[in-house]
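Here's the structure, in structure tokens; my notes come after.
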There are 2 protein chains.
Amino acid sequence: MGGAPEDRSTEEIYQRLRDEDVKLTNQRRLIVRILAQCQDDHPSADELHRIVREEDPDVGLATVYRTLDLLERLDLVQTLDVGDGRTRYELATGLHQHHHLLCLQCGKIEEVDQDLLGAVEDTVEKLAGFRVVDHELKMFGVCCDCEPEEQNG
Amino acid sequence: MGGAPEDRSTEEIYQRLRDEDVKLTNQRRLIVRILAQCQDDHPSADELHRIVREEDPDVGLATVYRTLDLLERLDLVQTLDVGDGRTRYELATGLHQHHHLLCLQCGKIEEVDQDLLGAVEDTVEKLAGFRVVDHELKMFGVCCDCEPEEQNG
DNA sequence: GTTCGTGCAAAGACTTTGCATTACT
DNA sequence: AGTAATGCAAAGTCTTTGCACGAAC
């Protein structure tokens, strides 16, 4: 009956698309759904396409790009650059307090949804006379799985 | 005598290249010098190439890429992604407290060389068990030149 | 003199675009 | 039914690579 719990945010996106007078095609629905499922994987367009094709082999890569473009313009998706030459995508949280921790050893991307930068923004506004609208913070390091437990010392 | 003040950091880089047993070619010297001159422009490889060619029209784009690659591997250059599809380059400061302010109106890239994130790193280390090695902070907003002066209020 | 670096052009990777066909409203 | 979206393939960017020639040590 009526949708699993994880369908909530995808339903919101479908509704937003209806509101925007763009067509709610099967491809778009599928792409949004997969994107919601891989939320933590930060897939590239190509990776997303590969997963989408497992469910509908007829979806073209161009459609994936076009859909991601559309979603990004509507602020429903945001991009992430990890420095490997391809753009990675994730559903936008709405919050701008959304940071990434990139493990240099296993490549895992963790997220921190927390306002860590309020004070920093204030500093920048005063220091440089720069009004901050948005920010992007990436931290490179070693995640807890890769860090050998050094309880001693 | 013996070198203008702005030559200091380029001399350091030349010396580093000698120490690394790579050949100090005219092309490499030129590219380093131009890079030092455009320090604040954050040129892409192509933009850098265009400037380099004004001084030596025979330098190829591939050499620019290869030199930037080399310098990056030696931590003498670092890259910056502004989201326009090309990689931008700048001489590394040595400091990791080096952040970028991107003006959404004029596109200018300002820099903040200041340790703004010490406390944030500590928080992340405790919160996520993530040992931070490096970080990259970009702030998007409106710079002081583009912001209408609102002294009142 | 040897080795490494360069220039050129070709290839590669990612992304965008044109156009006939299909599917949504 | 009308219009927007799709799939495919071609084109467009940015970047890397192979190879013969030239420059640095």
Side-chain angles (χ1 to χ4, degrees), chain A residues 13-35 42-74 76-89, chain B residues 13-35 42-74 76-89:
Chain A
I13 293 175
Y14 298 164
Q15 189 55 50
R16 177 73 193 288
L17 291 177
R18 286 187 205 98
D19 294 347
E20 290 287 334
D21 283 322
V22 299
K23 290 182 178 171
L24 197 45
T25 61
N26 286 328
Q27 290 91 329
R28 285 176 176 170
R29 249 189 296 254
L30 178 54
I31 289 165
V32 167
R33 189 151 49 77
I34 299 290
L35 209 43
H42 306 274
S44 66
D46 188 63
E47 287 164 359
L48 188 57
H49 181 226
R50 212 165 305 157
I51 302 170
V52 162
R53 282 208 147 164
E54 290 172 13
E55 206 148 322
D56 180 350
D58 292 335
V59 177
L61 179 57
T63 297
V64 173
Y65 274 109
R66 280 186 285 229
T67 301
L68 289 169
D69 242 49
L70 170 67
L71 295 172
E72 195 187 352
R73 281 199 308 276
L74 298 178
L76 295 169
V77 150
Q78 66 188 81
T79 62
L80 172 66
D81 172 68
V82 181
D84 64 350
R86 53 196 128 175
T87 305
R88 298 183 169 279
Y89 300 85
Chain B
I13 293 175
Y14 297 164
Q15 188 55 50
R16 177 72 193 288
L17 292 178
R18 285 186 205 101
D19 294 347
E20 290 287 335
D21 283 320
V22 299
K23 289 181 179 171
L24 197 46
T25 63
N26 285 327
Q27 290 90 331
R28 285 178 177 169
R29 249 189 297 253
L30 178 55
I31 290 165
V32 167
R33 189 150 52 76
I34 300 290
L35 207 44
H42 305 277
S44 66
D46 189 62
E47 287 163 359
L48 188 57
H49 181 225
R50 212 165 304 156
I51 303 170
V52 162
R53 281 209 148 164
E54 290 172 12
E55 208 149 321
D56 179 351
D58 292 336
V59 177
L61 178 57
T63 296
V64 173
Y65 274 109
R66 281 186 285 228
T67 300
L68 289 169
D69 242 50
L70 170 67
L71 295 172
E72 195 188 351
R73 281 199 307 278
L74 298 178
L76 294 169
V77 150
Q78 65 188 79
T79 63
L80 172 67
D81 172 69
V82 181
D84 64 351
R86 55 198 126 173
T87 305
R88 298 182 169 278
Y89 300 85

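Below, chains carry the letters A, B, ... as their sequence lines are ordered, and counting in each starts from 1.
- For C:dT22, neither phosphate oxygen OP1 nor OP2 lies less than 4.0 angstrom from any side-chain nitrogen or oxygen of A:Gln27.
- Put simply, the side chain of B:Arg29 never gets that close to the backbone of B:Tyr14: no donor and acceptor are under 3.5 Å apart.
- Nearer to the 5' terminus of DNA chain D, by closest-nucleotide assignment, is the contact made by A:Thr63 (compared with the other of A:Thr63 and B:Gly85).
- Taking 4.0 angstrom as the limit, B:Arg86 places none of its side-chain polar atoms (N or O) nearer than this to OP1 or OP2 of D:dT13.
- Among the atoms of the strands shown, only primed sugar atoms or phosphate atoms (P, OP1, OP2) are found under 4.0 Å from some heavy atom of B:Asn26.
- Atom pair A:Leu61:CG and D:dG12:C1' shows a separation of 15 Å (rounding to whole Å applied).
- Following rounding to the nearest Å, B:Leu30 (CG) and C:dG7 (C1') show an atom-to-atom distance of 15 Å.
- At the heavy-atom level, B:Arg53 lies under 4.0 Å from the strands shown only through sugar-phosphate atoms.
- Rounded to an integer number of Å, the gap from A:Leu70 CG to C:dT17 C1' is 17 Å.
- Per the geometry, OH belonging to B:Tyr14 stands 13 Å off P belonging to D:dC25, to the nearest Å.
- Taking only side-chain nitrogens and oxygens, A:Thr87 never comes nearer than 4.0 Å to OP1 or OP2 of C:dC14.
- Checking the phosphate oxygens (OP1, OP2) of D:dA5, no side-chain nitrogen or oxygen of A:Thr67 falls inside 4.0 Å.
- Checked by atom type and distance alone, the side chain of A:His42 never pairs as donor or acceptor with a backbone atom of A:Arg88 at under 3.5 Å.
- Between B:Tyr65 and D:dT15 there is a side-chain polar atom (N or O) within less than 4.0 angstrom of OP1 or OP2.
- Between the CG atom of A:Leu24 and the P atom of D:dA5 there is a distance of 11 Å, rounded to whole Å.
- Per the geometry, CG belonging to B:Asp84 stands 14 Å off P belonging to C:dT15, to the nearest Å.
- If you take CD of A:Glu47 and C1' of C:dT15, they are 15 Å apart, rounded to a whole angstrom.
- The residue B:Ser44 sits apart from the nucleic acid: no heavy atom pair falls under 4.0 Å.
- Residues B:Glu54 and B:Arg50 are not paired through a salt bridge, judged by the lack of any N-O separation under 4.0 Å between the basic side chain and the carboxylate.
- A distance-only check finds a donor-acceptor pair linking the side chain of B:His49 to the backbone of B:Val59 [under 3.5 Å].
- Side chain of B:Arg18 to backbone of B:Leu24: no donor-acceptor contact under 3.5 angstrom is found.
- When heavy atoms are screened at a 4.0 angstrom cut-off, B:Arg66 is found touching base atoms of the nucleic acid.
- The separation between A:Asp19 atom CG and C:dC24 atom P is 19 Å, rounded to whole Å.
- Contact annotation for A:Asp46: no contact, since no heavy-atom pair falls under 4.0 Å across all strands.
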